[in-house]
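Below is one structure, written out as structure tokens; comments come after it.
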Amino acid sequence: MNSHNPNHFRSGQFRRGYRRPEGQVAARPIAGSLAVRTLTSESLFLGDFEIGIDHGGALYRLKITRQGKLILNK
């Protein structure tokens with residue numbers, strides 16, 4: 001049984017103190033100085049704890065666990 005508290009997610013606890021300006025999209029350098037487009041989990045989930053991702057015709061489910069971790073299932 002999932003006992004997610006949406007207010008707990010919106011409080012920003014999963015961000016570990018990191019705050020991004022309003023745009024919520026940034027380029028972060030990755031090893032070798034390549035920039036990767038980065039999104040916050042809040043901008044993806046919008047208060048939900050599960051989203052669907054259509055990739056190559058297959059549906060994947062990205063979920064936030066009760067411990068605040070991300071799990072991707074096909």
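Predicted, not measured: the structure shown is a model, and the values here were computed from it.
When the side chains of ILVMFWY residues are joined at heavy-atom separations under 4.5 Å, either directly or via intervening members, Ile64 and Leu72 end up in a single hydrophobic cluster.
To the nearest 0.5 angstrom, Leu39 atom CG is 11.0 Å from Phe45 atom CZ. In this structure, Leu70 CG and Thr65 OG1 are separated by 7.5 Å, a value rounded to the nearest 0.5 Å.
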Please set out all donor-acceptor pairs under 3.5 angstrom arising from side-chain atoms of residues 49-57, sequence neighbours excluded.
{"unit_1": "Glu50", "atom_1": "OE2", "unit_2": "Arg61", "atom_2": "NE", "d": "2.7"}
{"unit_1": "Glu50", "atom_1": "OE2", "unit_2": "Arg61", "atom_2": "NH2", "d": "3.2"}
{"unit_1": "Asp54", "atom_1": "OD1", "unit_2": "Gly57", "atom_2": "N", "d": "3.3"}

